[in-house]
Amino acid sequence: MIGPAPGTLYGLGVGPGDPDLMTLKARDLLRRVPVVAYLHAEGSPGVARAIAAPHLPGGQEEIAMATPMVPGDAPAEAVYDQGAAAIAARLAAGRDVAFLCEGDPLFFGSFMYLLDRLKDRFPVRVVPGVSSLAACSALAGLPLASRNEALTILPAPLSEDELAARLASADAAVVMKVGRHLPKVRRVLKRLGLMEGAWYAARAGMEGESVLPLAEAPATAPYFAMVLVRGRPKAPPAPKGAAVLYPTPGARAMAL
């Protein structure tokens with residue numbers, strides 16, 4: 001006896017926070033899929049679920065994948081294994097599933113981990129979404145790059161020296177996942193003489209969004225914050241704690 005055709009797994013980008021920034025395609029899929037799945041921190045309903053809420057018709061089955069807030073890869077891997085198994089069961093029964101992702105599913109998106117686990121067994125479609133990168137750029141009114149500039153995108157958890165080395169050759173840059181790493185990002189940009197062209201944007205498209213010159217930003221930042229950097233470094237990327245020495249005052253003036 002032939003079973004039902006497998007359902008399709010949709011990686012659904014729901015945008016950076018404002019429900020009105022969700023694409024029409026994502027909204028239409030949300031209205032017809034029988035199952036939605038999403039990640040959420042323990043004790044929280046989940047950001048992606050909250051963004052999508054105004055567009056959910058109700059009556060859908062929900063697979064809520066709780067992520068424990070503990071260090072290490074093992075707990076997260078177990079969550080994805082269990083979530084993939086639950087989603088696979090629905091797909092095998094012929095039911096489509098939409099996995100909700102903040103921003104874009106494949107731009108630092110959690111959907112990639114489910115994609116790796118399920119793409120060889122079931123049809124998969126990815127619906128791109130407005131990324132936090134685009135939302136923060138729009139909030140700041142700051143172009144990400146122009147003409148022949150190369151845009152460098154960096155995660156803030158990189159080491160201080162690694163951030164400095166990569167920013168040293170960047171025409172324009174975005175430092176993402178700032179959160180508790182904001183003091184380190186500030187130090188690096190000061191070392192490179194890039195504070196003047198740096199802007200801080202947080203929670204773009206969400207309640208409490210803000211944009212400020214980095215020099216005026218608060219001492220701490222939420223996870224949904226990034227720093228936009230325009231301009232080439234005015235100082236060499238000296239290792240952390242090392243002094244930058246110029247042979248003469250004139251040499252320093254030329255470097256600036």
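All values below come from the heavy atoms of this structure, side chains included, with hydrogens, waters and symmetry mates left out. Note that the structure is predicted; figures quoted are calculated from it, not measured.
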**Fill in**
Heavy-atom closest pair (P16 atom, I51 atom, distance to 0.1 Å) is C-CD1, 4.1 Å
**Prompt:** Among all residues two or more places apart in sequence or in another chain, which pass the salt bridge (Lys or Arg N to Asp or Glu O under 4.0 Å) test with D18?
**Reply:** none
**Item:** Atom pair CD (E62) and NE2 (H40), whose distance is rounded to the nearest 0.5 Å
**Value:** 10.0 Å
**Asked** Which heavy-atom pair separates A170 from T152 by the least distance, and what is that distance?
**Response** CB-OG1, 3.6 Å
**Request:** Flag the pair L154 / V174 as yes when at least one side-chain heavy-atom distance between them is below 4.5 Å, and no otherwise.
**Result:** no
**Message:** Ignoring hydrogens, what is the shortest heavy-atom contact between I87 and A37? Give both atom names and the distance.
**Reply:** CD1-CB, 4.0 Å
**Request:** Decide yes or no on side-chain contact (heavy atoms from CB on, under 4.5 Å) for Y80 and S110, but give the supporting numbers first.
**Result:** CA-CA 9 Å; Y80 288 119; S110 54; 3.3 Å; yes
**Request:** With sequence neighbours left out, write down each residue that passes side chain to side chain contact (heavy atoms under 4.5 Å, CB included) with P6, or none if nothing qualifies.
**Result:** F122, P123
**Item:** Validation row: Y38, I63 side chains within 4.5 angstrom (heavy atoms)
**Value:** no
**Item:** salt bridge (Lys or Arg N to Asp or Glu O under 4.0 Å) contacts in which one or both residues fall within residues 128-149, not counting sequence neighbours
**Value:** E149-R230
**Prompt:** Can you pull the salt bridge (Lys or Arg N to Asp or Glu O under 4.0 Å) pairs that have at least one residue in residues 106-115, sequence neighbours excluded?
**Reply:** none
**Message:** Once rounded to the nearest 0.5 Å, what's the spacing between atom CZ of R125 and atom CG of L12?
**Reply:** 14.0 Å
**Within-4.5 Å side-chain heavy-atom neighbours: V36 and V97** = no
**side-chain hydrogen bond (donor to acceptor under 3.5 Å, both in side chains) contacts in which one or both residues fall within residues 98-109, not counting sequence neighbours** = none
**Asked** Between L9 and L115, is any pair of side-chain heavy atoms under 4.5 Å apart?
**Response** no
**Message:** Less than 3.5 Å apart, any donor N or O on the side chain of Y113 or E77 sitting next to an acceptor on the other?
**Reply:** no
**Prompt:** R90: what forms a salt bridge (Lys or Arg N to Asp or Glu O under 4.0 Å) with it, not counting sequence neighbours?
**Reply:** E61
**Prompt:** What about V188 and L194, same hydrophobic cluster or not, with Ile/Leu/Val/Met/Phe/Trp/Tyr joined at side-chain heavy-atom distances under 4.5 Å?
**Reply:** yes
**Asked** Do the side chains of I153 and M176 get nearer than 4.5 Å, heavy atoms only?
**Response** yes
**Message:** Assigning hydrophobic clusters by single linkage (Ile, Leu, Val, Met, Phe, Trp, Tyr; side-chain heavy-atom cutoff under 4.5 Å), is M112 placed with L100?
**Reply:** no
**Asked** Got a sec, which residues hit ring pair (Phe, Tyr, Trp, His ring centres under 6.0 Å) with F107, two or more places apart in sequence or on another chain?
**Response** none
Report, one line per pair, each donor and acceptor closer than 3.5 Å where one atom sits in a side chain of residues 130-138; sequence neighbours left out.
from: S131; atom 1: OG; to: L133; atom 2: N; distance (Å): 3.4
from: S131; atom 1: OG; to: A134; atom 2: N; distance (Å): 3.2
from: S137; atom 1: OG; to: L142; atom 2: O; distance (Å): 2.6

**Prompt:** Just wondering, do R187 and E160 contact through their side chains at under 4.5 Å, heavy atoms?
**Reply:** yes
**Beyond-backbone contact of V124 with T8, side-chain heavy atoms, under 4.5 angstrom** = no
**Message:** So, using side chain to side chain contact (heavy atoms under 4.5 Å, CB included) as the criterion, who are the partners of R121 when residues are at least two apart?
**Reply:** A88, L118
**Request:** Indicate the atoms forming the closest heavy-atom contact of L151 with A145, along with that distance.
**Result:** CB-CB, 4.2 Å
**Asked** If you look at every heavy atom in H55 and P19, which pair is closest and at what distance?
**Response** NE2-O, 3.1 Å
**Item:** Transitive ILVMFWY side-chain link V127 to L106, under 4.5 Å
**Value:** no
**Prompt:** Is any side-chain heavy atom of M226 closer than 4.5 Å to a side-chain heavy atom of K177?
**Reply:** no
**Request:** Take Y200 and R186, measure what side-chain contact (heavy atoms from CB on, under 4.5 Å) needs, and give me the verdict at the end.
**Result:** CA-CA 10 Å; Y200 166 89; R186 273 199 178 99; over 6 Å; no
**Message:** Between F111 and F108, is there shared hydrophobic-cluster membership here, with clusters defined by ILVMFWY side-chain heavy atoms closer than 4.5 Å?
**Reply:** no
Table please: side-chain donor-acceptor pairs of residues 20-35 below 3.5 Å, with sequence neighbours left out.
from: T23; atom 1: OG1; to: A26; atom 2: N; distance (Å): 3.1
from: R32; atom 1: NH2; to: Y10; atom 2: OH; distance (Å): 3.3

Only distances under 3.5 Å count here; give the side-chain donor-acceptor pairs of residues 203-224 to other protein atoms, sequence neighbours excluded, each with its distance to 0.1 Å.
from: R203; atom 1: NE; to: E207; atom 2: O; distance (Å): 3.0
from: E209; atom 1: OE1; to: G205; atom 2: N; distance (Å): 2.8

**Asked** Are L192 and L163 joined in one hydrophobic group, where the rule is that I, L, V, M, F, W and Y side chains link up if heavy atoms are under 4.5 Å apart?
**Response** yes
**Message:** Please enumerate all residues that pass side-chain hydrogen bond (donor to acceptor under 3.5 Å, both in side chains) together with K184, with sequence neighbours excluded.
**Reply:** H181
